[in-house]
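As the structure is a prediction and not an experimental result, all values here were calculated from the model. Start at 1 with the first residue, then count along the sequence. Reckoned from all heavy atoms, side chains included, excluding hydrogens, waters and symmetry mates. Atoms within a ligand are numbered from 1 in the order they appear, just like the ligands themselves.
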Amino acid sequence: MRILTISGSLRTKSSNTAVLIAAARLAPPDWEVVHYDGLANLPHFNPDMDTDRPPPQVLALREQIGLCQGLLLCSPEYARGVAGTLKNALDWLVSSLEFPDKPVALINASQRATSADAHLRLTLTTMSAQLIEAASITLPLLGRNLDADGIVSDNVLSEQLRAALDCFAHAIAVNR
Ligand SMILES: Cc1cc2nc3c(=O)[nH]c(=O)nc-3n(C[C@H](O)[C@H](O)[C@H](O)COP(=O)(O)O)c2cc1C
């Protein structure tokens, strides 16, 4: 099962990216986890460019979406909203054939970031994603300053994350 991960943070020591690296380590053994790292190079969404020949970075993103069986997203909250980089990528996917019905799990890396989580859910359901609620969790990482190793070696956090990933795998398998 191929799972694509996207972090909404471009920060080198991002807690959201750390969660996705930890998720790749805790994932079921039959998962191939691929991290999408093209957010910073996507052009700003412009409907005039969203033609039958979109920019190559957009084609590459859509191809990755088409190749995966599930999408794991993790985004920081900025000014009570979703990170603009991630929203920009989602805007490019609105008109794509690859995105609708795609199983998506959201891992919220901060117990305070309730607005971004709610905004992201609204956007994803509007885009006809298959949001897997049982696999979408909040990890209380705010104030912990943990990297991926720290998350994996914390029994409580790693168990929460592993359980969410197992739920995601189950939901994808059932819907196949
Ligand atoms: C410009 C800016 C705005 C932010 N706005 C919020 C906010 O509205 N709510 C919140 O809970 N955290 C806010 N934060 C804190 C970030 O969400 C937090 O630092 C998060 O861990 C960043 O994610 P990262 O570690 O993956 O880079 C903001 C941070 C920055 C830099």
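More than 12 heavy atoms of other residues, nucleotides or ligands lie within 6.0 Å of CZ in R25, so this atom counts as buried by the packing criterion. In this structure, N145 places its CG atom where only 12 or fewer heavy-atom neighbours from other residues, nucleotides or ligands lie under 6.0 Å away.
Ranking protein heavy atoms by distance to atom 14 (N) of ligand 1, first place goes to E77 O, 3.3 Å. Among protein heavy atoms, atom 22 (C) of ligand 1 sits closest to P76 CB, 3.6 Å. Here the protein heavy atom with the shortest distance to atom 15 (C) of ligand 1 is R112 NH2, 3.8 Å. From the protein, the heavy atom lying nearest to atom 8 (O) of ligand 1 is R80 N, 2.8 Å. With hydrogens left out, the protein atom closest to atom 21 (O) of ligand 1 is S15 OG, 3.5 Å, a heavy atom.
For a threshold of 3.5 Å applied to N or O pairs, the pair formed by Y78 and ligand 1 contains no separation below that value. Of the polar atoms of A113, none of the N or O atoms is found under 3.5 Å from an N or O of ligand 1, judged by distance alone.
Within ligand 1, counting atoms from 1 as listed, the ones closer than 4.0 Å to a heavy atom of A79 are 3 (C), 4 (C), 5 (N), 6 (C), 7 (C), 8 (O). Every atom of ligand 1 is numbered from 1 in the order shown, and the set under 4.0 Å from a heavy atom of N16 is 23 (O), 24 (P), 26 (O). If you number the atoms of ligand 1 from 1 as listed, the ones under 4.0 Å from a heavy atom of R11 come out as 24 (P), 25 (O), 27 (O). Of all the atoms in ligand 1, the ones that sit under 4.0 Å from a non-hydrogen atom of S9 are 24 (P), 26 (O), 27 (O).
Within the 4.0 Å heavy-atom cutoff, S110 does not count among the residues contacting ligand 1.
When each of L120, V82, T126, I6 is tested with L90 by the rule side chain to side chain contact (heavy atoms under 4.5 Å, CB included), just one qualifies, namely L120.
Formation of a donor-acceptor pair under 3.5 Å by the N88 side chain with backbone atoms of G84 is not found in this model.
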side-chain contact (heavy atoms from CB on, under 4.5 Å) assessment of I132 paired with V104
CA-CA 6 Å; I132 309 298; V104 179; over 6 Å; no
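D91 has a carboxylate O that lies under 4.0 Å from a charged side-chain N of K87, or vice versa, which qualifies the two as a salt bridge.
Distance CG/L71 to CG/L124: 8.0 Å, rounded to 0.5 Å.
Of the N and O atoms on the side chains of S95 and D50, at least one donor lies less than 3.5 Å from an acceptor on the other residue. Checked by atom type, the side-chain pair R2/Q64 shows a donor-acceptor distance below 3.5 Å.
Using a 4.0 Å threshold on non-hydrogen atoms, atom 19 (O) of ligand 1 does not count as touching the protein.
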